[in-house]
Each structure stands twice: as structure tokens, then as C-alpha cells.
There are 2 protein chains.
Amino acid sequence: MVLVVAEDLFKALADPTRRRILDELVERDGQTLFEICARLANKHGLGLSRQAISQHLAVLESAGLVVSRRQGRYKFHDLNTEPLELIVTRWLRPDTPESTS
Amino acid sequence: MVLVVAEDLFKALADPTRRRILDELVERDGQTLFEICARLANKHGLGLSRQAISQHLAVLESAGLVVSRRQGRYKFHDLNTEPLELIVTRWLRPDTPESTS
DNA sequence: TTGATAGGCAAGTAGCCACTTGCCTATGGT
DNA sequence: ACCATAGGCAAGTGGCTACTTGCCTATCAA
């Protein structure tokens, strides 16, 4: 658990490219930056620069939706769906438990 | 069910003021524009113009998170948490069911 | 050591979005 | 009829952000 701020979480989810990245990580966990670039380009026709994807990953990571592990010159990215629970518990429940942002 | 587009849904949730509005509607359903304005100002110190809140409500409504009913010169706003299910089912499930945006 | 691969840092730009302001419409009370 | 209340429309503005570009660091293989 990494102390997820609601603001970061929702802003991270606001971008369609970042949601695509999460889709990719659901399908296969532990991908590198270059792998994600390639798959977004091939499967979705997104011709984004490597740097763009890298920045997206940083946003997702600071939102707690992605965790990364370095291994040699590779950096693997894993999905973490835990923060998503916040969304559910915030409005689906009839008793409001004090808002966070 | 109103055909919710993922893009609209996530963009609607991206703004902190809109999330506050949802919080207010959880607490009390069927508020008017002016009521929401007053409560945001009093409880959260948000000094936003009526028009700002009106635009936020429009965004929430086009995202399917709020439904409104006209009654005389009043327009009441109700919360609809149904679209939130989309968020849960998209990434919490290990089997990807074809993405939507 | 050299070169290739994987990734990071920083500045610049263009488009979007939240918010304001001014004016207009509609309903209800007196 | 009048006025106040509840809300809508449209244009303008400032700030944020997604993306690019150029250059730099680090790891591994030959």
C-alpha cells in the first residue's frame, strides 16, 4: 500500500493512452517501456514517442496503478489494481466515509 | 442505461470539483443547481460561480453520472453510480473483455 | 573499449479545459 | 403586469498537460 491520493489516481485515469497501457498490462504483466511502445503502435496504431509513453508510465506509477522493478538495464512494469477500490468505495456506498480530495 | 462512453466518464471524474459534487449528491439526492452551489461554498469553501457549477453538472450528466429532472423552474439532480461499474470491470478482471476507448 | 540497447532529464509548444462575465429565457408569486 | 428566482447560452482568458525534440546515463555483448 503506497498512500494513493485521489487527485493523482483520477488524473492518471483521465488519459486514453494511459488507460490503454493499463489494458496492456492486464493482458501481460511485467512489460518494459519498449514493449509497451511496440504493442501500442502495433495493436492500436498509436505512433507515440518513447518519451511520451515513459511519461505516461511515470504518471501511472505516481498514482499507484503501476509498480516497476529494475533488473539490469530493464525496467519491468506491473499493474496494481488496488487503488481502483477507492473509486468504488467512494460513491457506491450510501454512507459517505469522508472524502479524500 | 444511457450508453456511457469511457472517455466521458473518466474525464468527468478527473476534476476535483466534480467529485465534490458527486459527494454532495451521495449525501442528499435531488439537489438543484443553487443548492449545490451553496453547499460547495459553505462546506468546502469553494467560491465558484453558478455558471461553473452548471458546466460541471453538464459534464457529469453527459458522463451518465448525474441524471436531471425538470420540475417547474427547478431542475433536480440525482446521482447515478451505474457507470462506475465500468471502471471496476475493466481492470479488476484478469480476462480482458475488449476495451471501450 | 566500442557500440548497441534500455531508459532518463529538461526545455519548448500546442491544444484543451475550468472559470468568468454578460446577457438572455422561463417559471412563479404578488 | 411586474419583479424575483432558477437556469441557459456564448465568447474570452489563463493555466495545465500531452507530446516532441535533443542530449545524457547505464547496462550488456563483442
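Just the heavy atoms: all of them, side chains too, but no hydrogens, waters or symmetry mates, feed the values below. Just so it is clear: chains get the letters A, B, ... in the order the sequence lines come, proteins before strands, and each one is counted from 1.
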Margin query: From CD1 of Ile53(B) over to P of dT21(C), roughly how many Å is that when rounded to an integer?
Written below: 14 Å
Checklist line | Minimum-distance nucleotide (side-chain atoms of His56(A) versus dC19(D), dC19(C), dG8(C)) | finding: dC19(D)
Next item on the list: Could you please name the option among dC23(D), dT21(D), dG7(D) that lies closest to any side-chain atom of Lys75(B)?
Entry: dG7(D)
Note to self: What is the distance, to the nearest angstrom, from the CZ atom on Arg20(B) to the P atom on dA18(C)?
What the structure shows: 16 Å
Notebook entry, point to check: Counting just side-chain N and O atoms, does Thr17(B) come under 4.0 Å of either OP1 or OP2 of dC19(C)?
Noted result: yes
Notebook entry, point to check: Considering only dA18(C), dC19(D), dT20(C), which nucleotide approaches the side chain of Leu48(B) most closely?
Noted result: dT20(C)
Notebook entry, point to check: Glu35(A) and His77(A): side-chain donor and acceptor closer than 3.5 Å?
Noted result: no
Next item on the list: Rounded to the nearest angstrom, tell me the gap between atom CG in Leu13(B) and atom P in dA18(C).
Entry: 12 Å
Item checked: Rounded distance in Å - CG (Leu33(A)) to C1' (dT27(D)) -> 15 Å
Item checked: Atom-to-atom span, NZ of Lys11(B) to P of dC17(C) - whole angstrom -> 4 Å
Check: Looking at dG22(C), dC19(C), dA6(D), which one has an atom nearest to any side-chain atom of Gln51(B)?
Finding: dG22(C)
Note to self: Just to verify, which of Leu60(A), Leu13(A), Ile53(A), Asp23(A) counts as forming a side chain to side chain contact (heavy atoms under 4.5 Å, CB included) with Arg18(A)?
What the structure shows: Leu60(A)
Checklist line | Shortest side-chain distance from Arg70(B), nucleotide among dC19(D), dG8(D), dA6(D) | finding: dG8(D)
Check: Of all the nucleotides listed (dT21(D), dG7(D), dA10(D)), which has the minimum atom distance to the side chain of Gln55(B)?
Finding: dA10(D)
Margin query: Closest approach to the side chain of Arg73(A), judged atom by atom: which nucleotide of dG7(D), dA18(C), dA6(C) is it?
Written below: dA6(C)
